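Quick caveat: nothing in here was measured; it's all calculated off a predicted structure. In what follows, residues are counted from 1 in the order of the sequence shown.
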Amino acid sequence: MNRSSSTFDIAIEQAFDFLSPEYADLFDNSAATAFQHPVWLHSLYTRLASHAGATPLIVVVRHRTTRALAMVLPLLRIRRGPIRTVEFADLRVSDYLAPVCSPTIFSQLLADESACAELRGLLRPFDLLRMTKIPDGRLPIENLLAAPRRVSMDTNAYATVLVAPFEQWRASAMDRSYQKELAKKYRQLQKKGALSFSCCNDSASTLDALEVMKKFRGPRFQSQGDGDLLQRPEYFDFYSEVALRGLGSFVRLYAMKMDGDVIAAVLGLCHRGTYHVIMSAFDIAGYKSQSLGALMFEQVARDCIERGDQMLDFTIGDEPYKKLFGGQPSPMWAVTQAGSTAGAVALFALKQAPWLKLAVKRMSEFRLLPPRTSTPTR
């Protein structure tokens with residue numbers, strides 16, 4: 001039997017209050033990301049967890065003498081088919097995942113073998129432990145969990161460093177020909193009517209912009225997997241609650257309007273001088289040749305610089321447009337561990353998935369090749 005730690009008390013608190021002052025204080029002094037913010041996690045657990053069939057697994061570590069919070073590990077138990085998984089509180093909405101803890105306290109926890117053993121025991125039983133979307137350079141969660149070394153994911157995150165004034169950032173981050181192209185399209189857009197750009201500052205404009213985003217994103221993502229999350233009521237409620245609770249502080253929702261109607265919108269989170277883009281939508285059908293998305297992000301960058309932000313983070317995904325705005329790639333990491341024979345089989349299948357996808361892709365391309373002819377064709 002493992003001895004209990006003499007320094008830390010560790011327990012599962014399924015009903016942990018992420019809106020409590022003690023968690024706000026812990027978060028402010030931690031190395032966590034915007035996606036562990038009190039509002040974000042509160043809404044995720046209350047709005048999404050039950051719909052996903054997930055059970056909260058919130059590991060709470062306290063200093064034994066003072067009862068003050070030392071670390072919170074926001075996890076979920078989810079059964080995916082026959083496989084029992086333990087994973088970060090993500091549910092497809094979070095881009096970066098991390099324990100909520102300061103580097104100093106994290107080091108103290110790692111040095112406390114009894115505390116580590118207690119924590120690992122609380123996570124069991126599971127078939128598969130999955131910790132994905134770990135940003136580069138973050139706390140080594142795998143050491144705390146005695147899991148194998150992290151491996152890089154097949155996608156990156158992209159961010160661009162902002163410098164004032166806006167014109168200086170644009171000149172350094174964007175190709176000159178692209179600057180001219182966007183300037184020309186912006187002038188064309190202005191000729192179509194009364195064009196405006198602003199940050200939503202009340203609940204009415206916020207909800208209106210979110211409804212428009214839902215309308216624009218539906219057709220755009222209809223053919224991709226199971227479509228756009230905003231089309232699902234529980235996810236629309238989640239983003240709406242986050243936007244309304246965080247309005248003016250944690251959240252900024254930008255809207256571009258033509259004659260008073262929203263034609264483009266960008267939703268993002270503000271954290272430590274960085275604006276993290278989490279969702280965007282544009283009236284592509286109505287403005288096919290105007291590059292609304294690019295014009296919108298240019299205006300977002302301008303506003304962020306004027307507010308004193310140091311970074312514009314386009315978050316996860318290797319979309320080419322991010323590099324056009326000076327976005328630099330940063331690797332993302334994953335930690336996985338099998339907890340049973342079934343988990344080991346599932347983990348093997350997960351590791352083979354990229355190869356299977358590539359094989360299927362190549363086979364489909366092979367089937368689409370034209371029949372060989374005696375003379376080359378173009």
I want to know whether [X] and [Y] have ring centres closer than 6.0 Å.
X	Y	answer
Tyr178	Tyr321	no
Tyr287	Phe282	no
Phe18	Tyr45	yes

Just by distance, do the side chain of [X] and the backbone of [Y] share a donor-acceptor pair under 3.5 Å?
X	Y	answer
Asp303	Gln299	no
Arg79	Pro82	yes
Arg130	Val335	no
Arg77	Leu123	yes
Arg217	Gln231	no
Gln337	Ala146	yes
Ser102	Ile105	yes
Thr315	Val277	yes
Ser30	Phe27	yes
Glu211	Asp208	no

Legend entry - Heavy atoms from other residues, nucleotides or ligands near NZ of Lys214 exceed 12 (cutoff 6.0 Å): yes
Legend entry - More than 12 heavy atoms of other groups within 6.0 Å of Glu113 CD: no
Inset, instruction - Give a yes or no on whether a salt bridge exists between Lys322 and Glu319, defined as a side-chain N under 4.0 angstrom from a carboxylate O. - result: yes
Inset, instruction - Check whether the side chains of Ser330 and Asp136 place a donor and an acceptor atom closer than 3.5 Å, and report yes or no. - result: no
Inset, instruction - Would you tell me whether Lys257 and Ser196 have side-chain atoms, one donor and one acceptor, within less than 3.5 Å of each other? - result: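 Distance-only check fails for Lys257 and Ser196.
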Inset, instruction - Determine the interplanar angle of the Trp40 and Phe35 rings, folded into 0 to 90°, and report it as parallel if under 30°, tilted if 30 to 60°, perpendicular if over 60°. - result: perpendicular
Legend entry - Aromatic ring pairing Tyr254/Tyr275, orientation class (parallel under 30°, perpendicular over 60°, tilted between): perpendicular
Can you tell me how far apart [atom1] ([X]) and [atom2] ([Y]) are? Round to the nearest 0.5 Å.
X	Y	atom1	atom2	value
Leu295	Leu189	CG	CG	6.5 Å
Asp175	Arg170	CG	CZ	13.0 Å
Gln179	Glu298	CD	CD	8.0 Å
Leu75	Leu57	CG	CG	5.0 Å

Legend entry - Residues Asp318, Tyr158; criterion side-chain hydrogen bond (donor to acceptor under 3.5 Å, both in side chains); working and verdict: CA-CA 8 Å; Asp318 293 293; Tyr158 289 79; 2.8 Å; yes
Legend entry - Common cluster, Leu139/Ile10, ILVMFWY with side-chain heavy-atom separation under 4.5 Å: yes
Legend entry - Among Tyr239, Phe238, Phe236, the one residue meeting side chain to side chain contact (heavy atoms under 4.5 Å, CB included) with Arg47: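 Of all the options given, the one that passes is Phe238.
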Legend entry - With Ile263, the side chain to side chain contact (heavy atoms under 4.5 Å, CB included) member among Val212, Ile284, Leu292: Leu292
Legend entry - Least distance between heavy atoms, Arg272 atom then Ala32 atom: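 So the minimum-distance heavy-atom pair works out to NH1-O, 4.4 Å.
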Legend entry - Arg62 and Asp9: CA distance, side-chain angles, deciding distance, salt bridge (Lys or Arg N to Asp or Glu O under 4.0 Å) verdict: CA-CA 5 Å; Arg62 297 180 182 274; Asp9 282 332; over 6 Å; no
Legend entry - Partner set under salt bridge (charged side-chain N to carboxylate O under 4.0 Å, His left out) for Asp90, not counting sequence neighbours: Lys133
